[in-house]
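Notes for the one structure printed next.
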Number of protein chains: 2
Amino acid sequence: MSRPAKSPLDAFDHKILAILQRDNTTPQRTIGEAVGLSAPAVQRRIKRMTEDGVIRANVAVLDSAALGQSITIFVEVEVISETAKQIEQAKSQFAAAPEIQQCYYVTGEADFILVIVVPSMADYEALTRRLFFSNNNVKRFRTFVAMDRVKVGLSVPIER
Amino acid sequence: MSRPAKSPLDAFDHKILAILQRDNTTPQRTIGEAVGLSAPAVQRRIKRMTEDGVIRANVAVLDSAALGQSITIFVEVEVISETAKQIEQAKSQFAAAPEIQQCYYVTGEADFILVIVVPSMADYEALTRRLFFSNNNVKRFRTFVAMDRVKVGLSVPIER
DNA sequence: GCTCCAACGAAACAAACTTGCAAAACAGCC
DNA sequence: GGCTGTTTTGCAAGTTTGTTTCGTTGGAGC
């Protein structure tokens, strides 16, 4: 079947997205006033962009410390064999772990970069044993512990 | 004045948060059915957790590629001098750049880890010139280009 | 100049959120 | 054990917000 044709985004869409990625509880009426459209027009654009996948999700951002998950850790993982099958397996293993908040497959001196959120260093230690030491394909990994989350978010720069 | 006393989170709160950080457009009535409370009870808990800062923000997650920002890059930055003043200055500089999506101050072989989103490598090159080469306190930086965003999010693991 | 198509706004409508209030659950204390 | 003050709940009414309908407008193509 025909995939929904992604209509190009105009200046209205950009303004709407900029507002939504900062606060998606903003009433459509308020957004309309800010961008110069009526509430139904805003609503239609949001619906279209959601269907087109421009808006991927609507989520609450939680304070990890308040949930007892106060440590953020970066890990660079280097693998031994980079066959397609091995890489796919690593990806799905990393994606499945709830402690792994983000996982990227990268070029450079490492193969994967992970962002991990755990309650304590003991939990991290247990996780490394489970994910890295018991995995024959992991050659090496380097750990960076976050002392300060200077800036955290998923905001995409929007040109205007 | 007395800061709002953070009441401890119970099992209801945990379930509500788990739902909201997956989809914060879920109606309160639906959440109520899922957790075993009435809609007003859910609403009051959400309000309390928002005031307490457990819920930090409510945002739309956008597809960076759809906005022409298709490259994600990790950078490890090593600085020369780590005086409080220098570090604070670096933090505020990084936090102010819209291309920098995330910035962490870390222990280990690097001092800062940045997650950067840009439209092209040319833009990244320009950014490095502006942020690193023109900054006397940057000793070294290592670049990792993301080939695959295996898992992206800000979800915090919630124990139950 | 006409037609077709896409997008708009005003208004009616539906759904969700919010508030007031009385009852139930709970904790501390005689 | 039973009393009392506090907290939280559910229900119902009221308000805000989201959604749909429908008639209109502004262009692009012919």
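In this text, all values refer to a predicted model and were calculated from it rather than measured experimentally. Quick note on labels: first sequence line is chain A, next is B, and so on, each numbered from 1.
Close placement of the B/Phe141 and B/Phe133 rings is indicated, their centers lying within 6.0 Å of each other. Taking the six-membered ring wherever Trp is involved, the centroid distance between the rings of A/Phe112 and A/Tyr104 does not fall below 6.0 Å.
Rounded to an integer number of Å, the gap from CZ of A/Arg48 to C1' of C/dA7 is 10 Å. Taking atom CG of B/Asp10 as the reference point, atom P of D/dT7 lies 16 Å away to the nearest angstrom. A/Ile31 has its CD1 atom 14 Å from the P atom of C/dG9, to the nearest Å. Whole-Å rounding puts the B/Ile46 CD1 to C/dT18 P distance at 8 Å. When the C1' atom of C/dG9 is taken as reference, atom CZ of A/Phe12 falls 13 Å away, rounded to whole Å.
Side-chain atoms of A/Asp52 do not come within 3.5 Å of backbone N or O of A/Val54 as any donor-acceptor pair. A distance-only check finds a donor-acceptor pair linking the side chain of A/Lys151 to the backbone of B/Ile100 [under 3.5 Å].
Shortest non-hydrogen contact noted between B/Glu78 and B/Glu109 is OE1-O, 3.6 Å.
Using a cut-off of 4.0 Å between Lys/Arg side-chain N and Asp/Glu carboxylate O, A/Glu99 and A/Arg130 are scored as salt-bridged.
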- [ ] Indicate for each nucleotide in nucleotides 11-20 of chain D, in 5' to 3' sequence, whether protein heavy atoms under 4.0 Å reach the base (B), only the sugar-phosphate (S), or nothing (-).
- [x] BB----SSBB

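Heavy atoms of A/Arg45 sit under 4.0 angstrom from primed sugar atoms or phosphate atoms, though from no base atom.
Side-chain N/O atoms of A/Asn24 and B/Asn58 include no donor and acceptor closer than 3.5 Å.
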Shorter than 3.5 Å, N or O on both sides, protein versus nucleotides 22-27 of chain C: list them out with atom names.
none

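Shown here are the side chain to side chain contact (heavy atoms under 4.5 Å, CB included) partners of A/Pro119, two or more places apart in sequence or in another chain: A/Gln69, A/Asp123.
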